[in-house]
Amino acid sequence: MDKFYITTAIPYVNAKPHLGHALEFVQADVIARYQKTAGKEVFLTTGADENSLKNVQAAEKLGISTQELCNRNSELFKKFAQTIGLSFSTFMRSSNPDLHLPGIKKLWNACVKNGDIYKKRYKGLYCVGCEAFYTEDELVDGLCPEHLTKPEVVEEENYFFTLSKYQRKLIELIEGDSLLVYPESRKNEVLSFVKSGLKDFSVSRSSERAKDWGLSVPEDASQKIYVWFDALGIYLTGVGFGRDENLFKKWWPADVHVIGKGIIRFHAVYWPAMLLSAGLELPRKIFVHDYVTVEGQKMSKSLGNAVDPMQLLERYPVDAVRYFLIRESPAWKDADFSEAALRARIDGELVADLANLVARILTIAEKTDVGSISGAEELLVHSNVDKVRKSMEDFDMYGAINEIWAVIRMVNKYINDTRPWEAKGAALGKILYNALEAIRIIAILIQPFMPSTSERIFEQLGVQPQPLSEARFKRFEGRPKRGKNLFERAK
RNA sequence: AGCGGGGUAGAGCAGCCAGGAGUGCUCGUCGGGCUCAUAACCCGAAGGUCGAAAGUUCAAAUCUUUCCCCCGCUACCA
């Protein structure tokens, strides 16, 4: 069986999950479940980046230890991933000394062995408040824009990675799509960045500056590994790198990394360069999604408009939230969230189109002798199914769901036109055959997007859940029994 | 400033690469049909100088040029 390895970005866990994480988890999960229903064996890695300085700062603010903060928040993220239906195979915490650490050491040493990590004195403008370096032009009147203090000139010796060495190779790989960056606008963005010239970047910081938090550089305890080097490595250690070579052999390389637009450089430039250096295969694709805005504005703490997805899931069905996030997210555009828009989607589409279709047909089908349900195929859904497949292979989930809705609307229209409530005998059987088979196919198609709704439709039809290969008209063999409404109106 | 993406009915989009009557989709508005279905479903109508100007062409939303406006990226920002 073909394998498919997919990852979500690894969030740093300095705070609880927000709606952006929800979007990422749902998109990754929809791709994963699609591949499963298309017949592949799927492995999904997600996890928590715990070695970030941001976590140290967050813990200080709360007056708890960094480890305690990580334990607490990683648990929240894991719980959230489960609640939103992320079908992950592994939740890898970067602080895990047994599962993660050996792989990172191995990765680091492989880069060292290839001559790509060297020591260099680094001098920069460092703001103690931000615990970050600034470049001259980022400063406002020579002061830190955040704290309005004069940054110190800090000089220390760090390890650097020879990114510059890989410039030509990266251009070749990305241009030729052997490392495919999707959508194309992002690919162009990366290419223009790489072509503008790559500089080596530091892959460690002094333990002092790292507040002694993080993974130590092998053979040099005075330095901590740069969090990116470590966090990206989760994609490898998630499938056994450095501890289970058979597992690793089976799953690597990743078929796709799902990431947000803010971290594209790390994934499309640094990461492939690191892998090239270590002599490992590159991921095949990088899927870049945009952000979630709230009522047209960026989510931010200062605006106080951050939406807590956990709370949202207490008030709305998980499948409705999943549907909404996909429905509002073409890959090239921010998705805008508002509760009014969510309700409109629920009432206007999930209730009025999908749930209503199932309800109106099941009511009639339940009263009809199943033996008489047969007849010629009148609803032509093949081309829709093909389009859904094509869209999904291209990661165009937005396009796929549009196409699925075209089928739902077509069946609703078919029912209006054929008037099954007036029909009898063979005529009724034929209409029901078409409608029920179409609904079965719809249940198959929505499986990746709304898994539990799909299951409930199969249940009402009285058939077993089915893979994508069954998404074509055949004999209807279910025992229809109307169940509870799939969705209730939100207002 | 440079590079990239975008500006199409009240809103959100598709159409552009391979020019052929402003064609289409979803929502909203108005009118009608239906009564199986959760006031759900179906049909019809109104509504656009396709950001602006110039050019190429028998013909431009589509190709070329210029301009205006919006967004993203421009190095260690997990």
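Predicted model, so just to flag it, every value in this text is computed and none were measured. Every chain is numbered from 1, with letters handed out A, B, ... down the list of sequences. Atoms considered below: every heavy atom in the structure, side chains included; atoms not considered: hydrogens, waters and symmetry mates.
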Quote, to the nearest angstrom, the [atom1] distance that separates [N] from [M].
N     : M     : atom1 : result
B/C63 : B/C25 : P     : 24 Å
B/G33 : B/A39 : C1'   : 15 Å
B/U49 : B/G44 : P     : 24 Å
B/A53 : B/C68 : C1'   : 11 Å
B/C43 : B/C3  : C1'   : 50 Å
B/C17 : B/A61 : C1'   : 14 Å
B/G28 : B/A46 : C1'   : 13 Å

How close or far is atom [atom2] of [N] from atom [atom1] of [X], stated in whole angstroms?
X      : N     : atom1 : atom2 : value
A/K224 : B/C76 : NZ    : P     : 23 Å
A/R186 : B/G6  : CZ    : C1'   : 12 Å
A/F324 : B/U26 : CZ    : C1'   : 14 Å
A/I346 : B/A40 : CD1   : C1'   : 16 Å
A/R489 : B/U38 : CZ    : C1'   : 7 Å
A/D353 : B/C42 : CG    : C1'   : 12 Å
A/I259 : B/C77 : CD1   : P     : 17 Å
A/F160 : B/A75 : CZ    : P     : 15 Å

For [X], which contact category applies under a 4.0 Å heavy-atom criterion: base, sugar-phosphate, or nothing?
X      : value
A/S196 : nothing
A/I263 : base
A/I10  : base
A/L198 : base
A/E50  : nothing
A/N51  : nothing
A/N412 : sugar-phosphate
A/V351 : base
A/A352 : sugar-phosphate
A/F266 : nothing

Next on the checklist: Quick test of the criterion, 5.5 Å between centres and less than 30° between planes. Is A/F201 stacked on B/C76 or not?
Outcome noted: no
Just compare [options] and give me whichever is closest to any side-chain atom of [X].
X      : options             : answer
A/N356 : B/A75, B/C76, B/A40 : B/A40
A/K199 : B/A75, B/A78, B/C13 : B/A75
A/L163 : B/C76, B/A75, B/A78 : B/A75
A/R205 : B/A78, B/C77, B/C36 : B/C77
A/R265 : B/C73, B/C42, B/A78 : B/C73
A/A359 : B/C42, B/A75, B/A37 : B/A37
A/E488 : B/U38, B/C36, B/G72 : B/U38

Partner nucleotide, any strand, of [N] [Watson-Crick/G-U, under 3.5 Å]:
N     : value
B/C50 : none
B/U56 : none
B/C36 : none
B/A21 : none
B/U29 : B/A45
B/C73 : B/G2

Item to check | Check ion pair A/D417-A/K413 (N to O, under 4.0 angstrom) | outcome: yes
Checklist entry - Does NZ or CZ of A/R265 lie under 6.0 Å from the centre of the six-membered ring of A/W271, at an angle within 45° of the ring axis? => result no
Checklist entry - Is it the case that A/K285 places NZ or CZ above or below the six-membered ring of A/Y182, under 6.0 angstrom from the centre and within 45 degrees of the axis? => result no
Checklist entry - Strictly under 6.0 Å, is that where the ring centroids of A/Y270 and A/W228 end up? => result no
Checklist entry - Between A/Y316 and A/F324, is the gap from one ring center to the other below 6.0 Å? => result no
Next on the checklist: Can a side-chain donor-acceptor contact be found between A/N416 and A/R360 if the only test is distance below 3.5 angstrom?
Outcome noted: yes
Item to check | A/N14 side chain to A/N55 side chain, donor-acceptor N/O pair below 3.5 angstrom | outcome: no
Please confirm whether the shortest side-chain N or O distance from [X] to OP1 or OP2 of [N] is below 4.0 Å.
X      : N     : answer
A/K413 : B/C43 : yes
A/R482 : B/U38 : yes
A/K54  : B/A78 : yes
A/R419 : B/U35 : yes

Next on the checklist: Tell me whether the side-chain N or O atoms of A/S192 pair up with the base of B/C73 as donor and acceptor below 3.5 Å, since no angle test is needed here.
Outcome noted: no
Next on the checklist: Does A/N416 contact B/C41 through a side-chain donor or acceptor facing the base, at a distance under 3.5 Å?
Outcome noted: yes
Item to check | Residue of the set A/V407, A/D319, A/T453 for which side chain to side chain contact (heavy atoms under 4.5 Å, CB included) holds with A/I446 | outcome: A/T453
Checklist entry - Parallel, tilted or perpendicular: which describes the rings of A/F201 and A/F161, with under 30° parallel and over 60° perpendicular? => result tilted
